[in-house]
Amino acid sequence: MEKNKSFKYSSQEPESPYSWNAEFGISNASDRRYAFSRQSSFKQSMRDPQTPSFSNGSSKPFLSRNVSSIDIPPGFYSVDHSTEGNFDAKGSADKFLVFDSVFWVFRVMRTGNRQMKRLLIMISLNVAYSTAELAIGLFTGRIGLVSDAFHLTFGCGLLTFSLFAMAASRRKPDSVYTYGYQRLEVLSAFTNALFLLFLSFSLAVEALHAFIQDESEHKHYLIVSAVTNLLVNLMGVWFFRNYARVNLVYRKPEDMNYHSVCLHVLADSVRSAGLILASWFLSLGVNNAEVLCLGLVSVAVFMLVMPLFKASGGVLLQMAPPNISSSALAKCWWQITSHEDVIEVSQARFWELVPGHVVGSLSLQVKKEMDDRRILEYAHNLYHELGMHDLTVQTDYA
């Protein structure tokens with residue numbers, strides 16, 4: 001489809017070596033600080049000033065907007081007519097793509113980096129141990145072993161999702177996920193943090209139950225299970241020891257995922273150590289030792305995971321980037337507002353797509369019949385100095 005000449009794609013760099021791809025944006029470009037500017041060939045409608053119309057007098061707008069959606073006119077995207085008549089095979093093609101994606105993820109896991117291979121070893125050990133624990137618990141009728149086995153199985157599922165996110169985040173952007181798959185790492189970190197918060201709450205409830213029931217005798221077979229689980233988890237802590245911190249600066253999305261995996265195995269290690277310590281105190285005759293140890297473990301897990309929960313939740317909720325102060329954003333806003341060619345600045349939105357990648361959008365109302373390339377370059381320079389990686393600026397004429 002021939003591109004409408006009413007649109008102009010302007011860049012901070014007048015002679016960019018990268019070509020424009022109409023479907024996915026800039027091809028082979030690491031710096032995507034481009035802006036879409038509306039030119040005077042669009043006659044703004046009085047009833048809907050946000051919707052441009054064609055300059056040739058056509059009554060049908062280029063994009064038909066309503067309250068909840070944007071309707072794109074038929075034929076806007078080019079259609080490959082060589083594929084017409086093959087709609088019957090669409091379902092099987094989609095299934096093939098799904099299986100191909102799954103096989104691709106397994107190939108990446110097999111040939112992945114050192115952290116992925118270590119996590120795969122960690123998951124294999126936990127699956128083998130939880131299976132053996134479940135079998136022994138069912139054979140001997142020990143409910144405590146069965147319960148602990150289900151807890152480990154659920155934890156293995158979360159670690160498997162973390163491994164899947166590490167592999168899938170390497171996929172390139174496509175027509176469905178135009179920003180790529182890197183946010184899977186953030187979602188995995190948030191899921192692990194949510195599970196650890198639930199673990200902290202359950203330990204607090206268990207400590208309260210032990211205090212009410214006045215249980216002073218600990219089950220010795222759970223001590224053997226706790227020691228074995230502690231050894232397995234300490235191996236995982238050693239694998240991800242570089243991320244064994246409470247407050248960590250996330251420069252890349254994988255940092256957040258690796259940190260969540262480290263905190264997961266560290267919290268399990270603290271839980272097992274608390275059970276062992278409670279059993280030792282009980283053997284010394286300390287009253288309410290289990291209540292004290294479980295309460296301390298619950299508080300420790302909560303304090304370990306809360307910073308990760310806030311950081312990952314903030315990215316998913318598209319909060320303002322934490323590495324850029326609000327005063328700096330306000331200063332840029334005032335500098336653009338005070339520009340001689342700018343009448344009004346509105347809809348200034350900035351958020352973190354993933355850790356280390358800040359995205360923003362801005363709407364400017366400028367003076368009529370002026371060349372907006374100068375103000376676009378001015379706005380891009382201001383926000384680029386703050387660390388903005390992807391900025392979209394829309395200009396409207398007064």
Side-chain angles (χ1 to χ4, degrees), residues 122 125-126 129-130 133 137 142-159 162 189-241 243-248 258-312:
M122 190 62 202
L125 290 175
N126 274 280
Y129 173 67
S130 61
E133 190 177 32
R142 305 288 188 181
I143 303 299
L145 289 178
V146 175
S147 176
D148 190 63
F150 276 109
H151 165 79
L152 290 177
T153 303
F154 191 71
C156 288
L158 292 177
L159 293 178
S162 297
F190 180 78
T191 306
N192 273 308
L194 195 62
F195 168 74
L196 293 179
L197 286 178
F198 176 76
L199 175 63
S200 173
F201 176 75
S202 64
L203 288 174
V205 172
E206 188 176 350
L208 182 62
H209 179 266
F211 177 76
I212 295 174
Q213 297 295 327
D214 193 19
E215 295 180 356
S216 59
E217 182 180 357
H218 206 72
K219 300 177 177 62
H220 296 286
Y221 61 87
L222 288 180
I223 301 303
V224 177
S225 173
V227 171
T228 309
N229 193 20
L230 178 62
L231 295 176
V232 174
N233 285 318
L234 285 179
M235 183 184 299
V237 174
W238 173 256
F239 284 163
F240 296 92
R241 61 188 179 275
Y243 300 91
R245 307 173 195 172
V246 178
N247 293 305
L248 188 67
Y258 293 156
H259 189 211
S260 70
V261 171
C262 181
L263 290 184
H264 186 121
V265 294
L266 184 61
D268 274 346
S269 301
V270 172
R271 172 177 170 269
S272 300
L275 293 175
I276 298 171
L277 192 62
S279 177
W280 181 58
F281 282 159
L282 286 174
S283 64
L284 296 178
V286 179
N287 295 326
N288 295 324
E290 186 177 6
V291 177
L292 177 62
C293 291
L294 290 178
L296 291 176
V297 169
S298 175
V299 174
V301 171
F302 181 83
M303 295 182 65
L304 279 174
V305 75
M306 201 59 195
L308 175 64
F309 179 76
K310 290 181 178 179
S312 57

So which heavy atom on [X] is nearest to which on [Y], and how close?
X: L196; Y: V301; result: O-CG1, 3.6 Å
X: V146; Y: G137; result: CG2-C, 3.7 Å
X: A226; Y: I276; result: CB-CG1, 4.0 Å
X: S279; Y: I223; result: CB-CD1, 3.2 Å
X: F211; Y: V291; result: N-CG2, 3.4 Å
X: V265; Y: G236; result: CG2-C, 3.9 Å

State which residues pass ring-ring contact (aromatic ring centres under 6.0 Å, His included) with F309; sequence neighbours excluded, sorted by chain then number. F190

For F195, check ring-ring contact (aromatic ring centres under 6.0 Å, His included) against everything at least two apart and list the hits. H151, F154, H264

With a 4.5 Å limit on heavy-atom distance, are the side chains of C293 and L275 in contact? no

List the residues meeting side-chain contact (heavy atoms from CB on, under 4.5 Å) with [X], not counting sequence neighbours, and say none if there are none.
X: L296; value: L292
X: W280; value: L277, S283, L284
X: S269; value: L230, N233, L234, V237
X: R245; value: L248

Hey, what do you get for [atom1] ([X]) to [atom2] ([Y]), rounding to the nearest 0.5 Å?
X: E133; Y: L145; atom1: CD; atom2: CG; result: 5.0 Å
X: Y129; Y: L152; atom1: OH; atom2: CG; result: 6.5 Å
X: N288; Y: E290; atom1: CG; atom2: CD; result: 9.5 Å
X: R142; Y: S225; atom1: CZ; atom2: OG; result: 12.5 Å

If you apply the rule side chain to side chain contact (heavy atoms under 4.5 Å, CB included), what do you find for S272 with V227, and how did you get there? CA-CA 7 Å; S272 300; V227 171; over 6 Å; no

With salt bridge (charged side-chain N to carboxylate O under 4.0 Å, His left out) as the rule and sequence neighbours excluded, what pairs involving residues 272-281 come up? none

Applying salt bridge (charged side-chain N to carboxylate O under 4.0 Å, His left out), which residue pairs with at least one partner in residues 270-283 are found, sequence neighbours left out? D148-R271

I'd like a table of donor-acceptor pairs (distance under 3.5 Å, sequence neighbours excluded) in which one partner is a side-chain atom from residues 198-205, with atom names and distances.
from, atom 1, to, atom 2, distance (Å)
S200, OG, S298, O, 2.8
S200, OG, S298, OG, 3.3
S202, OG, F198, O, 3.3
S202, OG, L199, O, 2.7

Side chains of Y243 and S260: do they bring a donor and an acceptor to under 3.5 Å? no

Could you go step by step and tell me if N192 and S162 meet the side chain to side chain contact (heavy atoms under 4.5 Å, CB included) rule? CA-CA 8 Å; N192 273 308; S162 297; 2.8 Å; yes

Would one find more than 12 heavy atoms of other residues, nucleotides or ligands at under 6.0 Å from atom CZ of F302? no

Within the side chain of N126, is there an N or O that forms a donor-acceptor pair under 3.5 Å with the backbone of M122? yes

